[in-house]
2 protein chains.
Amino acid sequence: MKETAMPSSLASEAYEFVKQRILRGNFTMGQVISRRKIAAELGMSFLPVSEALLRLEFEGLLESRPRAGTRVRIPSPEDVRGHYIVREALEVQASMLFAAVATEEDRIELHALAARVDAMSATNQSLYLPAHEKLHRRIAEGARCPALSLAIEKTHALASTWFCVARPHSDESPPRRHSDLVDILVAGDPVKAAEAMREHVRRGMENTMKRLKPYFQIRKAYGKTFFRSEKRDKLRIILPSALN
Amino acid sequence: MKETAMPSSLASEAYEFVKQRILRGNFTMGQVISRRKIAAELGMSFLPVSEALLRLEFEGLLESRPRAGTRVRIPSPEDVRGHYIVREALEVQASMLFAAVATEEDRIELHALAARVDAMSATNQSLYLPAHEKLHRRIAEGARCPALSLAIEKTHALASTWFCVARPHSDESPPRRHSDLVDILVAGDPVKAAEAMREHVRRGMENTMKRLKPYFQIRKAYGKTFFRSEKRDKLRIILPSALN
DNA sequence: GACTCAGATCTGTCATATCATAAAATGAGA
DNA sequence: TCTCATTTTATGATATGACAGATCTGAGTC
């Protein structure tokens with residue numbers, strides 16, 4: 001956890017700070033974030049913090065209401081579906097380009113990454129997510145289109161917040177789920193690559209939908225009000241909540 | 001040109017104001033925008049204006065450097081290519097979904113829109129762009145995925161700024177360019193729909209590349225400095241500039 | 001217990017002021 | 001006319017404070 005060199009701007013420092021806390025799960029879904037407290041914690045005014053939160057809101061990690069507060073976004077089923085449809089579009093495009101233009105080094109590295117991801121999906125949970133993201137990032141980079149990589153990276157950041165929660169999965173995902181995908185990508189046929197990636201992303205959506213199901217109810221219970229106190233915890237208990 | 005109801009926030013008012021001026025070409029590419037002047041013009045502080053410009057920067061319409069200024073973004077060839085690759089990904093996805101799930105009304109309306117667009121591509125230049133955008137928006141809406149529609153809409157806003165400039169086109173685009181596309185979309189075969197849309201977007205990219213070629217040189221001449229005075233106009237003359 | 005309602009507290013929005021830096025304007029020297 | 005260093009002006013970044021509105025708290029009521 002190092003300061004990313006010289007942020008050169010308090011706003012970007014605050015941005016990284018809050019983003020990391022969300023991605024690590026220190027801020028839980030639905031939790032209200034206080035600009036002033038974070039500003040005090042970082043020793044700055046709350047204006048650069050506001051700019052940072054605004055940016056995170058654009059990226060879909062936060063949601064806010066004018067004078068009520070800002071909280072970590074709680075997704076609705078439509079959010080998840082929409083997210084995965086956009087993501088499918090982008091990743092299919094990336095995998096087609098990868099199959100067509102990736103270098104030999106790209107393809108070799110991808111094989112190694114896929115093997116690592118598949119291995120960790122069964123054993124090491126905490127390292128699985130970063131490895132999985134790296135795999136997809138490499139595919140995007142192999143497509144040789146920075147704009148596409150950037151768009152994909154943004155969608156991944158959003159989805160990451162959904163995985164910092166309970167992981168009841170261990171659903172028998174095939175042991176070579178990612179290796180099989182990569183095998184097709186490196187083979188070099190864009191159409192087959194697209195097909196494989198499309199299937200891959202769709203599986204991901206089904207998985208996420210299952211995991212997030214309890215939280216959909218929480219979203220409904222919260223409604224439009226931004227609870228600042230612990231009332232939210234009470235709601236969590238009241239809910240039908242098969243949270244685990 | 002109506003105020004969109006009650007903006008409820010000065011920042012969003014400034015956002016709409018600046019965005020419209022960019023899209024209408026009142027702000028030309030590379031022109032530096034002064035937060036303070038706009039704030040004065042709108043009778044507000046420059047803080048809400050800053051928030052608006054920040055948002056437009058996220059959307060790719062503006063670019064800024066820390067204490068130099070904020071200007072309407074001048075695209076590089078890589079920008080255009082990246083934009084169209086992302087756009088291709090999204091629109092192909094939309095057209096596949098449209099072919100699969102659009103209602104009968106959707107398909108009927110699309111036919112009419114396509115005919116209108118093709119008609120105006122030859123005659124009415126000023127109405128062509130809005131009609132063209134509406135056509136693509138309807139396709140996205142027919143896909144029944146708000147998130148996808150939103151993503152596409154954002155990419156269109158960016159591209160629109162590129163068309164407020166010289167239109168040397170009138171390149172013999174086939175008279176039924178959009179009608180042919182729509183014919184395939186409404187037929188209902190997702191694979192063929194995807195194919196047709198992919199081809200359509202690629203044509204669009206080639207077109208845009210041709211139009212923007214002169215501006216690529218301007219971008220190089222500008223470099224990283226944000227000219228606030230008229231020196232920029234001199235540069236424009238100096239350039240090889242077959243601007244018209 | 002549940003419900004209401006007035007104050008206290010916190011929130012985001014916005015205005016104003018200061019500061020370091022980038023670009024412009026100026027002017028002396030070739 | 002050109003170049004280069006200087007000053008001047010303009011810009012974005014940030015701090016601070018005021019304000020309206022949302023949420024919270026707690027006493028009072030049933």
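Each chain gets a letter, A, B and so on, in the order the sequences are listed, and its residues count up from 1. Hydrogens, waters and symmetry mates play no part in the numbers below; they use all other heavy atoms, side chains included.
- Taking the six-membered ring for Trp and thresholds of 30 and 60 degrees, B:Tyr84 and B:Trp162 have ring planes inclined between 30 and 60 degrees apart.
- Each of A:Ser45 and B:Thr70 has a nearest nucleotide on DNA chain D; the 5'-most of these lies closest to B:Thr70.
- Rounded to whole Å, the distance from CD1 on A:Ile33 to P on C:dC10 is 18 Å.
- Between A:Phe226 atom CZ and D:dA22 atom C1' the separation is 11 Å, expressed in whole Å.
- Using a 4.0 Å cut-off between a side-chain N of Lys or Arg and a carboxylate O of Asp or Glu, B:Arg138 and B:Glu109 qualify as a salt bridge.
- The side-chain contact (heavy atoms from CB on, under 4.5 Å) check on A:Leu150 picks up A:Lys154, with sequence neighbours excluded.
- Proximity of B:Ser9 to the phosphate of C:dT13: no side-chain N or O atom is located under 4.0 Å from OP1 or OP2.
- Rounded to whole Å, the distance from CZ on B:Phe227 to C1' on D:dA10 is 16 Å.
- Mapped onto DNA chain D by nearest heavy atom, A:Thr225 and A:Met44 fall at different nucleotides, with A:Met44 at the one closer to the 5' end.
- Under 3.5 Å, the side chain of A:Arg228 and the base of C:dC10 form at least one donor-acceptor pair of N or O atoms.
- With sequence neighbours left out, the side-chain contact (heavy atoms from CB on, under 4.5 Å) criterion links B:Arg219 to B:Glu63, B:Ile74, B:Ser76.
- For the pair B:Tyr15 OH and C:dT13 P, the interatomic distance rounds to 16 Å; values are reported in whole Å.
- A:Glu41 and A:Arg21 are joined by a salt bridge, as a carboxylate oxygen and a charged side-chain nitrogen come within less than 4.0 angstrom of each other.
- Residue A:Lys37 contributes atom NZ, which lies 14 Å from atom P of C:dT9 at whole-angstrom precision.
- Contacts of A:Arg36 with the nucleic acid, taken as non-hydrogen atoms under 4.0 Å apart, include base atoms.
- Contacts between residues 46-68 of chain A and DNA chain D, counted as heavy-atom distances below 4.0 Å, involve A:Phe46, A:Leu47, A:Pro48, A:Arg65, A:Arg67, A:Ala68.
- B:Phe46 does not carry B:Arg35 over the face of its six-membered ring by the limits of under 6.0 Å from the centre and within 45° of the normal.
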